[in-house]
Every structure is written in structure tokens, then in C-alpha cells.
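Here the structure comes first, spelled out in C-alpha cells, and everything after it is commentary.
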Amino acid sequence: MTDRRSASLSLKQLAYLLAVRDTLNFTRAAEQCFVTQSSLSGGLAELERNLGLKLVERSRQHVSMTAVGEAVCTRAEQILSASEDLLAYARAQAEPGTGSLRLGIIPTIAPYLLHDFLAGIAEHFPTLELFLHERQTENLLAEVSGGELDAAVLALPMDTGTLEVTHLFDDPLRLLAAPGHPVARLKAPLRLSAIDTSQVILLEPGHCLREHTLAACGVGAQASRRFEATNIDTLVQLAEAGCGLALLPAMAVARGVLDGTSLREVPLQAPPHRGIALVTRPSHPLRSFLERDIAALLAGGR
């Protein structure tokens, strides 16, 4: 026999709880949920009554979660994620490639992959409503795991936890130098470990390309203390100005990121590469569609 308390729980109440946890402010939480503050407060109060637990501590100046409230939030995230998967399952049974798709992608891939991918979506799945979110890797992994995104495109190696990984293609890294840099004059292929790695300009912390660059440079690689870039275009400008060397993804070079610059490619022995991959939840009802059709469009003709 179904417990009346569990039967009276609602997904809306769980969403209210997570909004309060995320904002620690009832006014902002209500705005985030598109309800009045009184509706949100009433829903939370009913949730606490049904569970018989105090989830939120609230005073006129302060809002905080109780320890058990934090634990309930973890379970609420799992329940809401499962509900999203159920809706997606229903859509998938009707017709794959319709409905909506929430796809995340990291900034060092998005500008160089989206043009062809979006053209492929328009051609093969014209009724698919696509929502794109550009985020750094750590945020994407959390949002895919939590059900906020259906899938994400990122670069490996990376700890993806329990998510399913579909390898799309390898993206070699190219070493670029300004004409006046001593490395630019070398004719024979160079070993990355043979250069002063502190001269390699890096993206700021949080970008996986930073970690891939340091790993490619080998044990003992050091980050430059003078220059860091927030994106690949800035990295190119710094290298063009003679501030150091740039290790760039081949997909960025192919898309013209060096157009109008004098940067020269330095030949490398065993050029390093990153793996471009699609990740999704093992339980996602659209998993086969994502790993077959969406992955094929992302990989293009590679």
C-alpha cells in the first residue's frame, strides 16, 4: 500500500527545495522557479510536513540548509533527473530526433565544431529543438550527471566519473611561434620536453586545454607566471606579440584562427593530441540516439 506522505510529494516541491539550496534566498529562489514567494514558502512547508523533517533554517536575515536538508537535496536531484529522463523516454518512443536536446560544449571546441554540427542538425533533424550551453568541463560534467543537460562535448583525458563516453575523434595539438622566436627557426622536428615549458602560454585555470598542454609538455612542466589567456584568440595574440609559444588545437587552426597572423608552426616529434568525446548518463533514454546520430554529426567526415 502506498504511503500517503510519499504520494503527496511533488516534483515542484523538490525543485523549490533545490532553488533555496542554490540561492539561500527565498525571493531569488521564487524568481528562479517563476512562482510567488508565498507559493514557494508554502510548498516547502508542506514538503517538510510530509517528510517530518526540518530542511531549511530561516530567519529574517539568514537562510541555511540543515544537514538532513542537504542530504534530501542530493536525493531530490536524483529524482528530478530521473523525471527528466522519463519525459525524454516518452519523446524517444514517439520519434527519436524530435523534441528538445540540451547539449553542453567546452569553449575550446565550440567555435570550431558548431558550424558544421548545426548545419547537420538542420538537415537531418529539422524538428529537433536544440539548446546549447558553453561551459567549462567541470560544470558540464556536473550538469550532465544532474540531469540539467542531456549530453556534453568535451576533451579527454578527463575523469568523467560514471558517465558514458563516446569517442568522436582525435584533435592534434600544434606548436606555434612568432617568426622571431628561436624555436621558429628549427628545421628538425622538436620534442616538446626539450623546450622551456614556462614559455608556453596557457589558458587560465578551469580550461582543460591548460591541463592537456601541461601534460603534453611532460613531467616538470611549469605554467607561465606572466601571461594567461581566457580564450584561444587571446592566446594567439599573445604568441603573435612574442610573449611565448602557443600549443593550439588543430581544429582551431583548421578553422582559421591563425588567419592574418605571422605565426609559424613548429614541427613536433610525436605531436600530442586530445580526444574529443560526447558524454551522457548511462540511464539516458536517448542514449542510443546520442551515441549514434548526434555523435556522427559531431564527428562529421572524420
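Computed from heavy atoms alone, side chains included, the values below leave out hydrogens, waters and symmetry copies. All residue numbers in this chain count up from 1 along the given sequence.
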Distance-only donor-acceptor pairs under 3.5 Å for side chains of residues 275-284, two or more places apart:
from: T280; atom 1: OG1; to: D150; atom 2: O; distance (Å): 2.7
from: R281; atom 1: NH1; to: V144; atom 2: O; distance (Å): 2.7
from: R281; atom 1: NH1; to: L149; atom 2: O; distance (Å): 2.9
from: R281; atom 1: NH2; to: D85; atom 2: OD1; distance (Å): 2.5
from: S283; atom 1: OG; to: D85; atom 2: OD2; distance (Å): 3.4
from: H284; atom 1: ND1; to: L286; atom 2: N; distance (Å): 2.9
from: H284; atom 1: NE2; to: D150; atom 2: OD1; distance (Å): 2.8

Original post:
Given E265 and L258, is the side chain to side chain contact (heavy atoms under 4.5 Å, CB included) satisfied, shown in steps?
Top reply: CA-CA 10 Å; E265 182 172 350; L258 300 181; over 6 Å; no

Original post:
Please walk me through it: do T108 and R274 pass side chain to side chain contact (heavy atoms under 4.5 Å, CB included)?
Top reply: CA-CA 11 Å; T108 58; R274 58 180 187 166; 3.0 Å; yes

**OP:** In sequence, state the C-alpha distance, the side-chain angles, and the governing distance for V153 and F117, and then conclude on side chain to side chain contact (heavy atoms under 4.5 Å, CB included).
**Re:** CA-CA 12 Å; V153 183; F117 172 66; over 6 Å; no

**OP:** Decide yes or no on side chain to side chain contact (heavy atoms under 4.5 Å, CB included) for I232 and Y112, but give the supporting numbers first.
**Re:** CA-CA 11 Å; I232 288 178; Y112 319 112; 3.5 Å; yes

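Taking both residues in full, the closest heavy atoms of A177 and L245 are given as CB-CD2, 3.4 Å, listed atom of the first, atom of the second, then distance. Nearest heavy-atom pair, R58 versus S41, reported as atom, atom and distance to 0.1 Å: NH1-OG, 3.4 Å. The shortest heavy-atom contact between C33 and A19 is SG-CB, 3.6 Å. Of all heavy-atom pairs spanning H212 and P157, the tightest one is NE2-O, 3.1 Å. The shortest heavy-atom contact between L163 and S145 is CD2-OG, 3.7 Å. In terms of heavy-atom proximity, A184 sits nearest to P179 at CB-O, 3.9 Å.
When atom types are taken as modelled, the side chain of D171 and the backbone of P249 share no donor-acceptor pair closer than 3.5 angstrom. Within the 3.5 Å criterion, the main-chain N or O of Q78 finds no donor-acceptor partner in the side chain of S81. Within the 3.5 Å criterion, the main-chain N or O of K54 finds a donor-acceptor partner in the side chain of T66. Formation of a donor-acceptor pair under 3.5 Å by the R174 side chain with backbone atoms of A250 is not found in this model. Side-chain atoms of R28 never come within 3.5 Å of backbone atoms of D22 as a donor-acceptor pair (strictly under, hydrogens ignored). In this structure a side-chain-to-backbone donor-acceptor pair under 3.5 Å is missing from E143 to A152. At distances below 3.5 Å, not a single donor-acceptor pair connects side-chain atoms of Q269 with backbone N or O atoms of R191. For H181 (side chain) and G242 (main-chain N/O), no donor-acceptor pair under 3.5 Å exists by modelled atom type.
With contacts defined as side-chain heavy-atom distances shorter than 4.5 Å, the pair N25/V63 does not qualify. No side-chain heavy atom of P107 sits under 4.5 Å from any side-chain heavy atom of N231. Between D293 and F125 there is a side-chain heavy-atom pair separated by less than 4.5 Å. In this structure the side chain of C208 never reaches within 4.5 angstrom of the side chain of L154, judged on heavy atoms. Residues L297 and H124 form a side-chain contact, since some pair of their non-hydrogen atoms from C-beta on lies under 4.5 Å apart. Within the 4.5 Å cutoff, the side chain of R255 has heavy atoms near those of the D116 side chain. Counting only heavy atoms from C-beta outward, the side chains of L53 and L47 never approach each other to under 4.5 Å. For the pair L176/V236, no side-chain contact is recorded, criterion being any heavy-atom separation below 4.5 Å from C-beta on.
Distance CG/L175 to OG1/T213: 10.0 Å, rounded to 0.5 Å. The distance from the CG atom of L173 to the CG atom of L209 is 6.5 Å, given to the nearest 0.5 Å. We find the CG-CG distance between L168 and L113 to be 8.0 Å, quoted to the nearest 0.5 Å. For the atom pair CD of E57 and CG of L24, the computed distance is 11.5 Å after rounding to the nearest 0.5 Å. Between E46 atom CD and Q13 atom CD the span is 4.5 Å, to the nearest 0.5 Å. One finds the CD1 atom of I106 at 13.5 Å from the CZ atom of R135 (value rounded to the nearest 0.5 Å).
A 6.0 Å sphere centred on CG of D259 holds more than 12 heavy atoms belonging to other residues, nucleotides or ligands. Within 6.0 Å of the CD atom in E70, the count of heavy atoms belonging to other residues, nucleotides or ligands exceeds 12.
Each of F289 and F131 belongs to its own hydrophobic cluster when Ile, Leu, Val, Met, Phe, Trp and Tyr are linked at side-chain heavy-atom distances under 4.5 angstrom. Transitive grouping of hydrophobic side chains (ILVMFWY, heavy atoms separated by less than 4.5 Å) brings L298 and F169 into a common cluster. Both L11 and L55 belong to a single network of hydrophobic side chains, linked directly or stepwise wherever heavy atoms of I, L, V, M, F, W or Y lie under 4.5 Å apart.
When the salt bridge (Lys or Arg N to Asp or Glu O under 4.0 Å) test is applied to E31, no partner is found at least two apart in sequence or on another chain.
For the residue pair E204/T230, the side-chain donor-acceptor check at 3.5 Å is not satisfied.
By the 4.0 Å N-to-carboxylate-O rule, E77 lies close enough to R21 to be salt-bridged with it.
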